[in-house]
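Just so you know, these numbers come straight off a predicted model, no measurement behind them. Lettering of chains follows the sequences in order, A, B, ..., and the numbering in each one begins at 1.
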Amino acid sequence: MEVVTRIAPSPTGDPHVGTAYIGLFNYVFARRHGGRFIFRLEDTDRQRYQAGAEARILEMFAWLGLRPDESPEAGGPNGPYRQSERLAVYHAHVEELLASGRAYRAFETAEEIEAMRLEQKRLNKPIGYDGRGRDLPPAEQARRHAAGEPNVVRLITTDEGSTTFRDRLRGDVTIPNSEIRDPVLMKSDGYPTYHLANVVDDHLMGVTHVIRAEEWVTSTPIHVLLYRAFDWDLPEFIHMPLLRNPDRSKVSKRKLDTSVDSYRQQGFLPEALLNFLANMGWSMPDGREYFGMKDMTAEFDIDRVSLGGPVFDLKKLRSFNAKYLRDILPLEEVAGRVKPLLEDEGYDCSDEDYLLDVVDVLRPRAETLVELVDQAGYFFRETLRYDESARKQLASGQTFLQDIERELSMLEFFDYDGVDDMLRDYVQEQAVPMGKVLMPLRAALTGTTNAPGVTDLIVILGKRESLARIGKALTFIDAGLPDDDPHRLLEEEKARKAAAEEARKSRVKSVGAPPAAPATGGKGSR
RNA sequence: GGCCCCUUCGACUAGCGGUUAGGUCACAACCCUUUCAAGGUUGCGGCACGGGUUCGAAUCCCGUAGGGGUCACCA
């Protein structure tokens, strides 16, 4: 039988790392078994619905490279893939349960239910619907419903006995039926609850393996009861461990950045995020920790999932990202991804070789694309700003800079070895520690003291530019290291931003369709 | 609180009756070095606890403790 899995997110907010996590395992499991992976939108909560969330979730999957075989976008034989467009299906199934006496219409108002809850609390009784609406004769239910009286449809459940289902990872799980209290299947607004819609859709769409988060374990018996009520075969249930906040509670945006858009904006790479997520609760048979989707798919074994809830550790994510940046992705690939970000800063990246050199020397020094861009300024800016440590170095390096300027201008072989030899010879001549000479030089070339090797800098910048920068630094020293003119800096900043805007426009034009709207805010949303 | 699930270094994990309990991240030290990184070497640090079963338990069973989830007309 063909394997069919699905991811069924709700469009209620930012694309969530948990959705990516569960999506990843569904995707890989389907791929591993030559099956299909379905994306279904569970948009049955009209209160929490957020327009635009669907597109952003789909965009997240596209970014991660987890392509659904069927989705609202891609279509497929089992559509529609939005539950809000399947209401007729749910109503038909509810009618079936009503007709066979397995469900009933309950007419209690929200206030009545609340009062019942309070009463149960007061008497220290178990909380939950007490089945009081069950006894209303079916004809009466139908009459009141037809009369337009608000109601919900509930599944009839017994308190006797227990319900057992098999979880692939946990074995048999048994829950007393007394814990299941006539769950609502159809809400009074005519939308199905998760339980009903989920079961109906999974069945109709041919889902064979339900891979979802552990939080669903305790409601699985409801689903089992529904499958039985419809006389349908059960899918296999596989409950993944829950991703955790650093304090071990279930991941939440209160305690952790759970927005994949946010990570994307911070310059994280989809490959790194996926690889990081893949290591949460799962491991390669051979113990490899760095692997791509192809390898994961080839080796995937769902039974290797471990059940302790893994803490989402940002430091580890960063280290994965850094690893991909500096070691795993080819230089050209990294350059290609940094380029648009540099252009957004107004930097000119038209010289491909220069860009490659810059990225090459910067990537072991950055953990994210954004950090790389932040460090790249001095490679692209017209005028350098000298930070405090740089000023200090310049103040003590005037004669060295003058000498180096002369030596460099006379240098015959301008390549790495040539420059390196020149510098070393000069330092030896002067009989001073390397840093005495090289730190002022680094300051002159970059405006800062944390930067790549001086030889690298000179070779990348080129003889001309290096000499120009040394010259400017000397002028700056002559002027007595004046403070930056805030007005001038502001002007420059403005000019760069304008250039960036230009760059953005031309890029959009050349690429065609504009990129998806970037995620905004979302911080105050709920 | 009831019910359900889980439990190996600070974090992610390997282990599936016999291992000096291994790896990665983090942290620390040292090396390299021209600053910052990267890289190399080393170190730190763990089987929650108590009972069984067994010649032998991190591994199997029971209990305790701890953690988490769930008890909605949210998913």
Task: Set of side-chain hydrogen bond (donor to acceptor under 3.5 Å, both in side chains) partners for A:Arg40, sequence neighbours left out - done: A:Glu42, A:Asp202
Exercise: do [X] and [Y] side chains pair donor with acceptor under 3.5 Å:
{"X": "A:Asn450", "Y": "A:Thr448", "answer": "no"}
{"X": "A:Asn177", "Y": "A:Thr158", "answer": "no"}
{"X": "A:Glu108", "Y": "A:Tyr129", "answer": "yes"}

Is [X] touching bases, backbone alone, or none of the nucleic acid, heavy atoms closer than 4.0 Å?
{"X": "A:Pro452", "answer": "base"}
{"X": "A:Pro126", "answer": "nothing"}
{"X": "A:Arg304", "answer": "sugar-phosphate"}
{"X": "A:Ser306", "answer": "sugar-phosphate"}
{"X": "A:Gly287", "answer": "nothing"}

Task: Nucleic acid footprint by protein, nucleotides 59-75 of chain B - heavy-atom cut-off 4.0 Å, B for base, S for sugar-phosphate alone - done: --------SSBSSSBBB
Detail all sub-3.5 Å separations between protein N/O atoms and N/O atoms belonging to nucleotides 39-49 of chain B.
{"residue": "B:G39", "atom": "OP1", "partner": "A:Arg326", "partner atom": "NH1", "Å": "2.9"}

TODO: Scan every strand shown for a Watson-Crick or G-U wobble partner of B:U41, both distances under 3.5 Å, and answer none if you come up empty.
DONE: B:A29
Open item on the list: Pairing check on B:U24: which nucleotide meets the Watson-Crick or G-U wobble criteria with it, both distances under 3.5 Å?
Closed with: B:A11
Task: A:Phe107 six-ring face occupied by A:Arg144 cation (under 6.0 Å, within 45°) - done: yes
Open item on the list: Does A:Arg166 qualify as a cation-pi partner of A:Phe237, given the criterion of NZ or CZ under 6.0 Å from the six-membered ring centre and within 45 degrees of its axis?
Closed with: no
TODO: Can you tell me which residue pairs pass the salt bridge (Lys or Arg N to Asp or Glu O under 4.0 Å) test with a partner in residues 183-197 of chain A, sequence neighbours excluded?
DONE: A:Arg46-A:Asp189
Task: Listed once per pair and sorted, the salt bridge (Lys or Arg N to Asp or Glu O under 4.0 Å) pairs that draw on residues 423-440 of chain A, sequence neighbours left out - done: A:Asp420-A:Arg424
TODO: Check A:Ile222 against A:Pro183 and note the closest heavy-atom contact, atom names and distance.
DONE: CG2-CG, 3.7 Å
Task: Contact list for RNA chain B against residues 439-448 of chain A - heavy-atom distance below 4.0 Å - done: A:Met439, A:Arg442
Which residues share a ring pair (Phe, Tyr, Trp, His ring centres under 6.0 Å) with [X], sequence neighbours left out:
{"X": "A:His195", "answer": "A:His223"}
{"X": "A:Phe379", "answer": "none"}
{"X": "A:Phe268", "answer": "A:Tyr263"}

Task: Of A:Gly435 and A:Gly309, the one whose closest RNA chain B nucleotide lies more 5' - done: A:Gly309
TODO: Could you say whether A:Val361 or A:Asp172 is positioned toward the 5' end of RNA chain B, judged by the nucleotide with the nearest heavy atom to each?
DONE: A:Asp172
Task: Rounded P spacing from B:C32 to B:G23 in Å - done: 25 Å
- [ ] Could you work out the separation of B:A26 and B:A38 based on their P atoms and round it to a whole Å?
- [x] 8 Å
Open item on the list: I need the CD1-C1' distance between A:Ile180 and B:G2, as an integer number of Å.
Closed with: 14 Å
Task: Whole-Å gap separating P (B:A11) and CG (A:Leu243) - done: 15 Å
Task: Of the listed nucleotides B:A14, B:C3, B:G23, the one nearest the side chain of A:Glu289 - done: B:G23
- [ ] Could you list the residues that satisfy side chain to side chain contact (heavy atoms under 4.5 Å, CB included) with A:Glu114, not counting sequence neighbours?
- [x] A:Arg117, A:Leu118
Task: Residues which pass side chain to side chain contact (heavy atoms under 4.5 Å, CB included) with A:Val89, listed by chain and number, not counting sequence neighbours - done: A:Arg86, A:His93, A:Val200, A:Leu204
Would you tabulate the pairs of protein nitrogen or oxygen atoms and nucleotide nitrogen or oxygen atoms of nucleotides 25-32 of chain B closer than 3.5 angstrom?
none

Open item on the list: Base of B:C5, side chain of A:Arg170 - is there a donor-acceptor contact under 3.5 Å?
Closed with: no
- [ ] Return no unless some side-chain N or O of A:Ser283 is found under 4.0 Å from OP1 or OP2 of B:U13.
- [x] no
